[in-house]
Amino acid sequence: MRLSPDATVLLTMPLGVVDLPITMTLMMTWSVMALLTIGAYAITRGLGLRNDRHVVPTRGQMALAVIVQLLEEQIAEISRRRPGRFLPFIGTLFLFIAVSNLLLVVPGFVPPTASLSTTAALAIAVLLAVPVFAIGERGLGAYLAGYLRPSPIMLPFNLIGEVTRTLALAIRLYGNVMSGTVIAAILIGLTPLFLPVVMDALGLITGMIQAYIFAVLAMVYIAAAVGPETTAPAMGPTTEDSKP
């Protein structure tokens with residue numbers, strides 16, 4: 001049994017002196033990206049006003065609005081800031097992981113999140129996003145000074161902490177998804193009727209939980225680096241908005 005879709009090479013693309021292997025992980029990642037892109041276009045098409053007439057939102061648009069609202073509430077609660085700046089990044093992480101895990105029920109589909117290379121790439125994206133958001137908000141000097149707190153002697157420990165929490169993000173997601181895939185494959189071989197259905201249902205629930213946890217932890221790391229908003233409340237109307 002192959003524990004990772006990285007081991008399955010579907011085809012090889014010649015690129016001069018080197019050949020680029022197209023693995024199952026890469027193909028499934030492209031499939032999820034294509035599905036999200038096409039789905040986003042199909043759902044958001046016709047949103048808003050058309051010919052000065054309000055268009056009734058479809059079920060897909062209402063479902064998407066609910067997801068966006070829940071993400072905004074979670075981001076605002078964690079960061080104590082307005083969620084608009086962080087929503088595209090956190091929302092993309094959540095949707096990619098959630099859709100990848102949900103497609104586990106499709107026969108023959110291997111979720112890219114069952115590959116350590118995919119989860120590591122997602123964790124590295126979070127690692128890079130933390131200083132990008134923090135420097136954009138606080139400036140380079142203030143961000144770098146954070147590594148010297150509470151004392152300059154803590155610099156190596158703070159740097160190690162940045163790396164280890166990124167590693168923990170990748171391994172946590174990979175371990176949970178991969179273990180569920182392997183267990184389901186074993187049960188299919190032993191009892192191919194009832195138990196795999198139960199395991200798939202549990203896998204779907206676990207997959208959604210893992211997508212939520214990954215997105216929340218990413219936002220926690222970003223919020224810790226950025227700090228709370230001081231110029232405006234994170235949620236609720238402003239004073240000017242509350243006036244009649």
Side-chain angles (χ1 to χ4, degrees), residues 1-10 20-37 39-40 67 70-71 74-75 78 86-134 159-186 199-225:
M1 179 186 298
R2 293 179 176 179
L3 297 182
S4 172
D6 290 336
T8 304
V9 179
L10 301 179
L20 175 64
I22 306 299
T23 64
M24 178 72 75
T25 299
L26 192 57
M27 188 62 70
M28 294 304 168
T29 301
W30 288 346
S31 301
V32 175
M33 292 168 58
L35 180 61
L36 287 172
T37 302
I67 294 174
L70 290 175
L71 287 172
Q74 289 296 313
I75 292 172
I78 293 171
F86 311 105
L87 181 62
F89 179 70
I90 300 299
T92 300
L93 284 177
F94 173 78
L95 289 176
F96 177 82
I97 298 173
V99 172
S100 297
N101 295 340
L102 288 175
L103 290 177
L104 181 63
V105 297
V106 177
F109 183 87
V110 181
T113 46
S115 164
L116 185 58
S117 60
T118 300
T119 58
L122 294 173
I124 291 173
V126 175
L127 176 66
L128 297 177
V130 169
V132 168
F133 283 111
L159 292 175
I160 292 173
E162 289 283 341
V163 177
T164 53
R165 73 183 185 185
T166 301
L167 183 62
L169 267 181
I171 294 179
R172 179 187 292 109
L173 179 59
Y174 164 73
N176 283 280
V177 176
M178 185 272 292
S179 61
T181 303
V182 172
I183 292 174
I186 294 174
M199 288 302 301
D200 280 345
L202 292 176
L204 292 179
I205 297 174
T206 304
M208 293 300 295
I209 293 175
Q210 289 304 316
Y212 172 78
I213 291 176
F214 193 98
V216 166
L217 288 177
M219 191 62 241
V220 167
Y221 298 156
I222 293 173

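Because the structure is predicted, anything quoted here is derived from the model rather than measured.
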Stepwise, does the side-chain contact (heavy atoms from CB on, under 4.5 Å) test hold for T113 with F214? CA-CA 12 Å; T113 46; F214 193 98; over 6 Å; no
Do V126 and L217 come within less than 4.5 Å of each other through their side chains, counting heavy atoms only? no
Candidate pair T119 and Q210, rule side-chain contact (heavy atoms from CB on, under 4.5 Å), full reasoning: CA-CA 12 Å; T119 58; Q210 289 304 316; over 6 Å; no
Going from CG on L87 to CZ on F94, what distance comes out if it is rounded to the nearest 0.5 angstrom? 11.5 Å
With the side chain counted from C-beta on, respond yes when R165 and V130 share a heavy-atom pair under 4.5 Å apart, and no when they do not. yes
So which heavy atom on G91 is nearest to which on L71, and how close? CA-CD1, 3.8 Å
Distance check, rounded to the nearest 0.5 Å: F109 atom CZ versus M27 atom CE? 12.0 Å
Given 3.5 Å as the limit, does a donor-acceptor pair link the side chain of T25 with the main chain of S115, or not? no
Check whether any side-chain heavy atom of N101 lies under 4.5 Å from a side-chain heavy atom of M208, and answer yes or no. no
Spacing of L127 atom CG and Y221 atom OH [to the nearest 0.5 Å]: 11.0 Å
Measuring only between side-chain heavy atoms, which start at C-beta, is L169 closer than 4.5 Å to L122? no
To check you understand the geometry: which heavy-atom pair defines the closest contact between A125 and F89, and what is its length? O-CZ, 3.7 Å
Looking at A211 and A98, what are the two nearest heavy atoms and their distance? CB-N, 3.6 Å
If you measure from CD1 on I97 to CG on L102, what distance do you get to the nearest 0.5 Å? 11.5 Å
I need the L103 CG to L35 CG distance, nearest 0.5 Å. 6.0 Å
More than 12 heavy atoms of other residues, nucleotides or ligands under 6.0 Å from OH of Y212: is that the case? no
Residue pair I213 / I209, side-chain heavy-atom distance below 4.5 Å: yes
Provide the closest heavy-atom pair for A170 versus L116 in the form atom of the first, atom of the second, distance. O-CD1, 4.3 Å
